[in-house]
Asker: 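For reference, the structure I am asking about is given below.
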2 protein chains.
Amino acid sequence: MSLPHAILTALLEKPSSGSELTRRFDRSIGYFWSATHQQIYRELGKLERAELIRTLPGGAPTRGQKKEYEVLAAGREELVRWVDRREDPKVARDPLPLRLRAAGVVGLGDLVDELRRHRDLHRDRLEEYREFERRDYPAEPATRQERVQWLVLRGGIDMEAGWISWLTRAVDELSEEASGRGPRS
Amino acid sequence: MSLPHAILTALLEKPSSGSELTRRFDRSIGYFWSATHQQIYRELGKLERAELIRTLPGGAPTRGQKKEYEVLAAGREELVRWVDRREDPKVARDPLPLRLRAAGVVGLGDLVDELRRHRDLHRDRLEEYREFERRDYPAEPATRQERVQWLVLRGGIDMEAGWISWLTRAVDELSEEASGRGPRS
DNA sequence: TGGAACATGTAAGGGGTTACATGATTCA
DNA sequence: TGAATCATGTAACCCCTTACATGTTCCA
């Protein structure tokens, strides 16, 4: 039940249409959640039927026209309840370590190359996040909202750095084994 | 499509029944994937119908009796294909940073306490993983399978350490704000 | 005016979560 | 023999993913 609350948060930060929300999920919210436009439109419909959000007056009723939404008081109250809820951490879910473990049984194949590729993709993402940080938080943030958004961004940065560190070690140890000629790359 | 392959891996490592698999998922495989017994039984049925696994001869046909499965050649081949597949990294999905971001808009409430609670839970899990490491890998592992399993475990350890580091920083910065009296705890 | 890009929406299929059900085993 | 536990299994619901569909706006 995180998507509706992520949408409520985004709409409180700034009233938006479905396509704008999709773009914002690809960017700042995407550090820890992703959503396709289909999910977002379906969820917007649900939230509107539940009277937690409404379309801004003057919204076009037809298909293909932008429809802007804003959060109603009931929506904000629901979000407060969600923030204050006690909820245990979920186990991370990532196929790559699983594939590595499978490779321990059936052989490495080209998996070390795949690990290198992932390491490089994470490096790219890390660089992108660091660029966001330089651009959006050049100085100590003033408001609580900015400080919290910065914290979340640094969570994304730490996460990417962690992956890179682990993948580097894995590539290092496994390429020794694969080649017998010492680490590559 | 990771669960069936996680099950194939586990069964190759050691033929097991559904309940045994459930316990093994709670332990070593669970660093990066979790599954309930319902998921596992459903998936075992699918894998058996697809003739990727079979019940060991002498398995009891009735309900309530243990049924041990082993992997067939086709199952191993499917696992090899999965390991060699090229698949991009997924975005992490975690509600806690989202809740933090929501708190930036609607107010912190008791969220800092919740962050402390999560930090402590991650500390417990980290300690548990480190205990596994001490117990299961006291010396340099000899086989590829052991080295890979150790790498996966260290991935879990790194991940937990990353969470603890981030949560500590978040608690530190936000408790200053919440109290105005400097960091607590 | 016609094609490309944009915006919203529908539908199908699969995985995950939760609640519940049934047979077997164990043991007081 | 009856309750507790174990092992397997069924069912319902919701979210996520992918493919596809329809209307609008922009612009060469």
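Just so it is clear: chains get the letters A, B, ... in the order the sequence lines come, proteins before strands, and each one is counted from 1. Here the structure is a predicted model, which is why all the values come from computation and not from measurement. Values below: every heavy atom of this structure, side chains too, minus hydrogens, waters and symmetry copies.
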Asker: Quick one: A:Leu44 CG to C:dG9 P, roughly how many Å, whole number?
Answerer: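 After rounding, the gap between these two atoms is 8 Å.
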Asker: In whole angstroms, how far is the P atom of C:dG9 from the CZ atom of A:Arg49?
Answerer: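 After rounding, the reported distance stands at 11 Å.
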Asker: Looking at residues at least two apart in the chain, or sitting in another chain, which of them share a ring pair (Phe, Tyr, Trp, His ring centres under 6.0 Å) with B:Trp82?
Answerer: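 Testing B:Trp82 for ring pair (Phe, Tyr, Trp, His ring centres under 6.0 Å), a comparison that skips the adjacent residues, returns B:His5.
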Asker: On DNA chain D, does the nearest nucleotide to B:Gln38 precede the nearest nucleotide to A:His37 from the 5' side, or the other way round? Give the residue.
Answerer: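 Its nearest nucleotide being more 5', the pick is B:Gln38.
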Asker: Quick one: which of D:dG9, C:dG16, D:dT8 gets closest to the side chain of A:Arg93?
Answerer: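 Comparing D:dG9, C:dG16, D:dT8 against the side chain of A:Arg93, the answer is C:dG16.
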Asker: OH of B:Tyr69 versus C1' of D:dG9: gap in Å, rounded?
Answerer: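 Those two atoms, OH and C1', are 10 Å apart.
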Asker: Could you run down the sub-3.5 Å N/O contacts of the protein with nucleotides 23-26 of chain C?
Answerer:
from, atom 1, to, atom 2, distance (Å)
C:dT25, OP1, B:Gln65, OE1, 3.2

Asker: Suppose we screen for side chain to side chain contact (heavy atoms under 4.5 Å, CB included). Which residues come up paired with A:Arg49, at least two apart in sequence or across chains?
Answerer: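 With sequence neighbours excluded, A:Arg49 shows a side chain to side chain contact (heavy atoms under 4.5 Å, CB included) to A:Lys46, given in chain and number order.
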Asker: By ring pair (Phe, Tyr, Trp, His ring centres under 6.0 Å), which residues pair with A:Tyr129, not counting sequence neighbours?
Answerer: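 A:Tyr31.
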Asker: What's the verdict on salt bridge (charged side-chain N to carboxylate O under 4.0 Å, His left out) for B:Arg169 and B:Asp172, showing C-alpha distance, side-chain angles and the deciding distance?
Answerer: CA-CA 5 Å; B:Arg169 183 163 52 184; B:Asp172 196 52; over 6 Å; no
Asker: Is it the case that the side chain of A:Glu43 and the backbone of A:Gln39 share a donor-acceptor pair, with hydrogens and angles ignored and the cut-off at 3.5 Å?
Answerer: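 A pair under 3.5 Å: no.
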Asker: Do any pairs count as a salt bridge (charged side-chain N to carboxylate O under 4.0 Å, His left out) and have a residue in residues 85-100 of chain B, sequence neighbours left out, and if so which ones?
Answerer: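 Pairs touching residues 85-100 of chain B that pass the test: A:Arg117-B:Asp88, B:Arg99-B:Glu114.
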Asker: Please give, in whole Å, the distance from D:dT8 P to B:Ile7 CD1?
Answerer: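 Distance, rounded to whole Å: 12 Å.
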Asker: Check salt bridge (charged side-chain N to carboxylate O under 4.0 Å, His left out) between B:Arg130 and all other residues, then give those that pass, not counting sequence neighbours.
Answerer: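 Checked B:Arg130 against salt bridge (charged side-chain N to carboxylate O under 4.0 Å, His left out); zero matches.
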Asker: Which protein N or O atoms sit under 3.5 Å from an N or O of nucleotides 12-15 of chain D?
Answerer:
from, atom 1, to, atom 2, distance (Å)
D:dC15, OP2, A:Lys46, NZ, 2.4

Asker: Does A:Tyr41 put a side-chain nitrogen or oxygen below 4.0 Å from OP1 or OP2 of C:dG9?
Answerer: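 For A:Tyr41, the contact criterion (side-chain N or O under 4.0 Å from OP1 or OP2 of C:dG9) is not met.
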Asker: Is atom CD of B:Glu128 surrounded by more than 12 heavy atoms (other residues, nucleotides or ligands) closer than 6.0 Å?
Answerer: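 Counting neighbours around CD of B:Glu128, more than 12 heavy atoms of other residues, nucleotides or ligands fall under 6.0 Å, so yes.
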Asker: Under a single-linkage definition using a 4.5 Å side-chain heavy-atom cutoff for Ile, Leu, Val, Met, Phe, Trp and Tyr, are A:Phe132 and B:Leu100 assigned to the same hydrophobic cluster?
Answerer: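 Yes, because A:Phe132 and B:Leu100 connect within a single hydrophobic cluster, where side-chain heavy atoms sit under 4.5 Å apart.
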Asker: Tell me the interatomic distance from B:Ile40, atom CD1, to D:dT10, atom C1', rounded to whole angstroms.
Answerer: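 After rounding, the reported distance stands at 17 Å.
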Asker: Got a sec? Which of residues 15-23 of chain A come in under 4.0 Å of DNA chain C, heavy atoms?
Answerer: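 The stretch gives A:Ser17, A:Gly18, A:Ser19, A:Arg23 as the residues lying under 4.0 Å from the strand, ordered by number.
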Asker: Can you name the residues that form a ring pair (Phe, Tyr, Trp, His ring centres under 6.0 Å) with A:His122, not counting sequence neighbours?
Answerer: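 A:His122 satisfies ring pair (Phe, Tyr, Trp, His ring centres under 6.0 Å) with A:Trp163 only.
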Asker: Taking atom CG of B:Leu11 and atom CD of B:Glu68, what is their separation to the nearest 0.5 Å?
Answerer: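 The CD atom of B:Glu68 is 9.5 Å from CG of B:Leu11, to the nearest 0.5 Å.
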Asker: Not counting sequence neighbours, which residues clear ring pair (Phe, Tyr, Trp, His ring centres under 6.0 Å) with A:His37? List them please.
Answerer: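 So A:His37 forms a ring pair (Phe, Tyr, Trp, His ring centres under 6.0 Å) with A:Tyr41.
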Asker: Of the non-hydrogen atoms in A:Val83 and B:Gly107, which two are nearest, and what is the gap between them?
Answerer: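 Minimum heavy-atom contact is CG1-O, 4.4 Å.
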Asker: Rounded to whole angstrom units, what separation is found between the NZ atom of A:Lys67 and the P atom of D:dT22?
Answerer: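 After rounding, the reported distance stands at 18 Å.
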Asker: With sequence neighbours excluded, what pairs up with A:Arg54 under the side chain to side chain contact (heavy atoms under 4.5 Å, CB included) test?
Answerer: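 With neighbours one apart ignored, the set is A:Glu70, A:Leu72.
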Asker: Which residues, if any, of residues 75-91 of chain A bring a heavy atom under 4.0 Å of DNA chain C?
Answerer: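 DNA chain C contact set from residues 75-91 of chain A: none.
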